[in-house]
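Right, one structure below, let's go through it.
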Amino acid sequence: MSPSNSAAPAARLARVVAALLATLLAVGLSAVPAAAAGYTLTASGTTTTTATVSKTLSVVYRYDGRVQKRAKVDLQRYSNGAWTRVTTLTTSATGRASTAVRPSATTKYRFKTARATSATLTVTVVPGSWAIGGSGYGHGVGMAQWGAYQMAREGSSASEILRHYYPGASVGTAPNPWTSVDVQVLGRSGDPATSTLSLSAGSWRLVDGAATQLATGTSARKISIARTTSGVTAKITENGTVRQTIGARPSLYLEWTGTDYWSGTAGTVSVSGAQGTYRHGRLRISSPGSLPNIVNQVVINDEYLYGLDEMASLWGTSGYGGAAALQAQAIVARNYAILAKGAGLKASCDCHLYDDTRSQNYTGWKKEGGEAGATWRVAVDATRQDAAATVTVVRNTSGGIAETPYFSSSGRGGSYSGTTNNQDAFGTAAQSHLQHVSDPYSRQAPGNPYASWTGVLTQARAQKIFGLKWVASVKITARYSSGQIKTMQAVSTGGSTRTVTKTAEGWRIDLGFRGSWGHAVTARK
């Protein structure tokens with residue numbers, strides 16, 4: 001046999017064997033997977049949170065699209081350059097496993113088995129709030145009451161106090177017309193739909209707008225007031241028994257003995273739902289809105305000011321040394337009332353003044369007859385010159401009755417402190433006597449509770465103020481001359497920066513703080 005003839009069968013055999021092996025190998029590869037081929041871990045839950053709120057991370061384990069039930073899956077955390085196991089989970093009948101995490105800082109997570117590893121999940125942690133250190137209380141324009149108290153303790157007169165806090169203004173006199181003002185004591189939103197009036201002593205009478213007497217009684221009888229679409233009604237009761245009913249009238253007036261309207265035994269009237277009690281003037285009852293509206297009609301220069309609860313009466317006693325501060329308070333409060341009277345009745349309340357901080361805090365006899373009330377009356381009387389028929393007022397640079405806003409205490413923001421310009425606080429046209437002045441006195445006043453405080457800006461509030469989904473950082477970037485906040489800047493988790501500028505009073509309201517003198521901003525969990 002020749003060599004060529006003997007080689008041919010061997011070559012053919014080799015080709016057959018090779019083809020057979022290739023077929024077997026192909027079949028084997030399709031039937032037996034490699035160690036990790038076809039296994040997947042699909043993770044979800046990447047989110048942003050605060051350190052105090054847990055977030056849920058989930059994973060679904062599959063092989064070739066089929067869920068893997070009751071399989072073990074590790075949750076790992078990346079820390080110090082390495083992945084470490086946090087916990088081991090068991091998948092459910094749907095192939096899913098979940099767990100809650102609450103990292104204290106931004107952290108990467110992943111799920112892992114021997115055959116698969118999920119994509120990395122990042123839980124971004126932002127501050128839950130920011131602590132903002134501050135001081136002061138109020139809008140910051142005009143006289144600081146705690147500062148006035150300290151100036152009085154150091155020997156300043158009422159005029160000196162006023163000239164300090166209202167630079168360029170003068171302290172003088174004005175004719176005393178003994179005019180009255182209407183002060184709303186009931187009828188604002190949230191007040192009750194009915195009210196009961198009762199007298200502590202003496203007698204009362206109820207009259208209509210034409211001064212016709214409709215009912216009378218003593219302290220034993222109560223007057224219940226309600227409102228209808230036709231006006232106000234009254235029901236007179238005694239020991240729970242209805243004695244008289246008065247139909248709807250446009251207005252009713254309650255007068256009592258011991259006042260300018262009726263001589264006799266003095267008493268005080270209580271109005272359920274009101275913050276004060278009332279010794280002077282009379283009560284006018286009407287219904288300009290959906291609730292019964294009650295105003296106390298009192299003379300500005302004594303009856304109204306006697307009941308004004310804006311400064312501690314005790315400051316004027318000998319142990320405190322703040323009599324001049326009380327006199328300064330009486331003068332600026334008078335200015336405020338004179339201007340309110342000149343502006344006419346407000347349609348919404350049928351009044352010149354509210355009895356709360358929308359105007360001035362008026363509690364009537366509770367103030368006048370309360371602790372050291374006689375000291376407050378003395379201070380008010382010291383600002384009246386009855387023999388000359390004049391009263392003390394503050395005049396602006398044009399000689400008119402000056403606007404005299406006041407507040408509790410000025411503070412410090414950064415390296416600045418003191419009162420603020422009215423335009424910076426309110427955004428109104430500048431007034432020369434309502435400009436920034438230094439005020440070391442507020443901080444020096446003994447017992448001042450607003451010398452230092454800490455306010456909290458929550459994450460939710462920061463998101464609303466700056467219009468960001470998640471706020472990563474906040475800082476104060478500009479201040480007014482008083483030290484109050486002018487501009488704040490926030491940065492989001494995505495790096496977006498928002499800068500917001502507001503009036504000083506706008507920041508106080510939006511932040512919800514006592515004042516807007518802020519300094520250090522510290523992130524908190």
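These numbers come from the heavy atoms of this one structure, side chains and all, not from hydrogens, waters or symmetry mates. Throughout, residue positions are numbered sequentially from 1 according to the sequence presented.
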request  = Assess Arg205 against Trp262: is NZ or CZ under 6.0 Å from the centre of the six-membered ring, and within 45 degrees of the ring's axis?
outcome  = yes
Face-on cation placement of Lys486 at Trp507 ring, 6.0 Å and 45° thresholds =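 No, Lys486 does not lie over the aromatic ring of Trp507.
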Test item: side-chain donor near acceptor, [X] and [Y], under 3.5 Å:
X      : Y      : result
Ser203 : Thr218 : no
Thr375 : Thr317 : no
Tyr166 : Asn335 : no
Gln435 : Gln423 : yes
Ser200 : Thr268 : yes
Asn448 : Arg443 : no

Would you find more than 12 non-hydrogen atoms of other residues, nucleotides or ligands less than 6.0 Å from [X] atom [atom1]?
X      : atom1 : value
Phe426 : CZ    : yes
Gln385 : CD    : yes
Tyr137 : OH    : no
Tyr320 : OH    : no
Lys341 : NZ    : yes

Less than 4.5 Å apart, side chain to side chain, heavy atoms only: is that true for [X] and [Y]?
X      : Y      : answer
Lys475 : Met488 : no
Leu434 : Asn421 : no
Pro192 : Leu186 : yes

Pair Asp350 + Arg284, salt bridge at N-O below 4.0 Å =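 Salt bridge: yes.
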Which atoms form the tightest heavy-atom contact between [X] and [Y], and what is the distance?
X      : Y      : result
Ala325 : Ala152 : N-CB, 3.7 Å
Val298 : His280 : CG1-O, 3.7 Å
Asn293 : Gly187 : OD1-CA, 3.9 Å
Gly147 : Ser442 : N-OG, 3.3 Å
Gln184 : Tyr354 : OE1-CD2, 3.3 Å
Ala347 : Pro288 : O-CB, 3.8 Å

ask   = For Asp355, what residues pass the salt bridge (Lys or Arg N to Asp or Glu O under 4.0 Å) criterion, not counting sequence neighbours?
value = Arg188
ask   = Applying the side chain to side chain contact (heavy atoms under 4.5 Å, CB included) test to Glu238, which of Gln244, Arg243, Lys222 qualifies?
value = Arg243
Rounded to the nearest 0.5 Å, how far does [atom2] of [Y] lie from [atom1] of [X]?
X      : Y      : atom1 : atom2 : value
Asn296 : Asp182 : CG    : CG    : 8.5 Å
Leu345 : Leu353 : CG    : CG    : 10.0 Å
Ile485 : Leu511 : CD1   : CG    : 5.5 Å
Asp302 : Thr383 : CG    : OG1   : 10.0 Å
Tyr261 : Glu255 : OH    : CD    : 7.0 Å
Ser230 : Arg249 : OG    : CZ    : 11.5 Å

Backbone of [Y] reached by a side-chain donor or acceptor of [X] within 3.5 Å:
X      : Y      : result
Trp376 : Tyr306 : yes
Ser272 : Thr196 : yes
Arg334 : Thr392 : yes
Ser287 : Pro292 : no
Asp386 : Ala389 : no
Thr503 : Gly506 : yes
Thr404 : Val332 : yes

Indicate, with yes or no, if the rings of [X] and [Y] have centres closer together than 6.0 Å.
X      : Y      : answer
His164 : Tyr441 : yes
Tyr149 : Trp315 : yes
Trp453 : Trp517 : no

message = Consider side chain to side chain donor-acceptor pair (under 3.5 Å). Of Gln484, Glu505, His139, Arg508, which one does Ser516 pass it with?
response = Gln484
